[in-house]
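Chain naming here is simple, since letters A, B, ... match the order of the sequence lines and numbering starts at 1 in each.
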Amino acid sequence: MSSACETSLPVRDYNLEATMSSGQVFAWERVAENWVGVVNGRWVTLRQAAEAIVVRTAEPQAEWSWLAEFLQSELDLRAVLATFPKGDPHLHAAVATCHGLRLLRQDPWECLASFILSSTKQIVQIQQIVRTLRERYGERLRAPAGQRAAFAFPTAQRLAALTEAELRDCKMGFRAPYLLATARRIVAGEFVPEALRNLPVPEARARLTALPGVGEKIADCVLLFAYGFPTAFPVDVWVARALSTFYFRNRRVRPERLRRFADRHFGPNAGYAQQYLFHHIRTQRG
DNA sequence: GACCAGGACCATT
DNA sequence: AATGGTCATGGT
């Protein structure tokens, strides 16, 4: 029952590097052996060990369930992979090249806001915009002595109070009015992120796509990365290209049809399959 | 310089 | 229902 700033979460089949680099989070930074970021308003560093993730926080923690939830460290990955279709060489190859790739369970608001900023942006640019937002408008968090200060992702309340010009100055371009309007809907109580947790997927998706700047793709990212709906299947340009190449003889197929194919072909954890394919084609390009 | 990036939205067929 | 143009910004 002791409080400590360090712990070790036992894990199996967990590839922290691949997970943090797979385009689901944009606010984590690699510093030497560690990944530095913020979870639930707490400064955290993570380091991969053989059968554990070694954790350090700035302030003593009485318990660590909040972090196990974010990392999904207690999920049995082999049980997930066992639901993948047998005899799919493309999916099999993707799994084989990124052993231990995981889906995180992010804060819904940060995930929603980040992916509103993601449209037709490269991942490095999304990271840059998010960093600027955090440093200008996020809460400054206490870090251990000798460590750089960290900044939480700004709250919806904080962003809702800004002007469109202030957001555009963070280099987000035409996405600024989308982010601003969505933040203001949350502040007005017209969109309640927590209310989506226990909804059927189609209903949750409909509420997300009703937000400005949120279409089917971004909605599925939030459903998968924040709410953990395992059938959500974001179809971006990379995934569309991969599915078209692997399963449709290079024909151009509409995203809606690709999602229906994925639901049928990949099964109850199609979202996980999507993440493996996405990471695979992005790391094997060239 | 041309082309593209974890798209969404609107006007036009 | 289905295409095409437009919206900023930065990397390759």
| query | Is A:Arg259 paired with A:Asp220 through a side-chain N to carboxylate O contact shorter than 4.0 Å? | reply | yes
| said: Check whether A:Trp35 forms a cation-pi arrangement with A:Arg47 (NZ or CZ under 6.0 Å from the six-membered ring centre, at most 45° off the ring normal). | reply: no
| said: Just to be sure I follow the notation: if a pair is Watson-Crick (purine N1 to pyrimidine N3 plus N6-O4 or O6-N4) or a G-U wobble (N1-O2 and O6-N3), each under 3.5 Å, what dot-bracket string does DNA chain C give, with | for pairs to another strand? | reply: |||||||.||||
| request: State whether the number of non-hydrogen atoms from other residues, nucleotides or ligands found under 6.0 Å of A:Glu256 atom CD is greater than 12. | output: yes
| message | For A:Asn198, I'd like to know if atom CG has over 12 heavy atoms of other residues, nucleotides or ligands within 6.0 Å. | response | no
| task | Go along nucleotides 1-10 of chain B 5' to 3' and tag each nucleotide: B for a protein heavy atom under 4.0 Å from its base, S when only backbone or sugar atoms are that close, - otherwise. | result | ----BBBSS-
Taking the six-membered ring for Trp, are the ring centroids of [X] and [Y] within less than 6.0 Å of each other?
{"X": "A:Phe84", "Y": "A:His92", "value": "no"}
{"X": "A:Tyr137", "Y": "A:Phe153", "value": "no"}
{"X": "A:Trp28", "Y": "A:Phe70", "value": "yes"}

| task | Quick one: sort the A:Phe266 and A:Phe233 rings into parallel, tilted or perpendicular, breaks at 30° and 60°. | result | parallel
| field | Ring geometry between A:Phe261 and A:His265 (parallel below 30°, tilted from 30 to 60°, perpendicular above 60°) | value | parallel
| query | Heavy-atom contacts under 4.0 Å between residues 251-265 of chain A and DNA chain C, which residues? | reply | A:Arg254
| query | What distance, rounded to whole Å, do you find between the two P atoms, one in C:dT3 and one in B:dG6? | reply | 24 Å
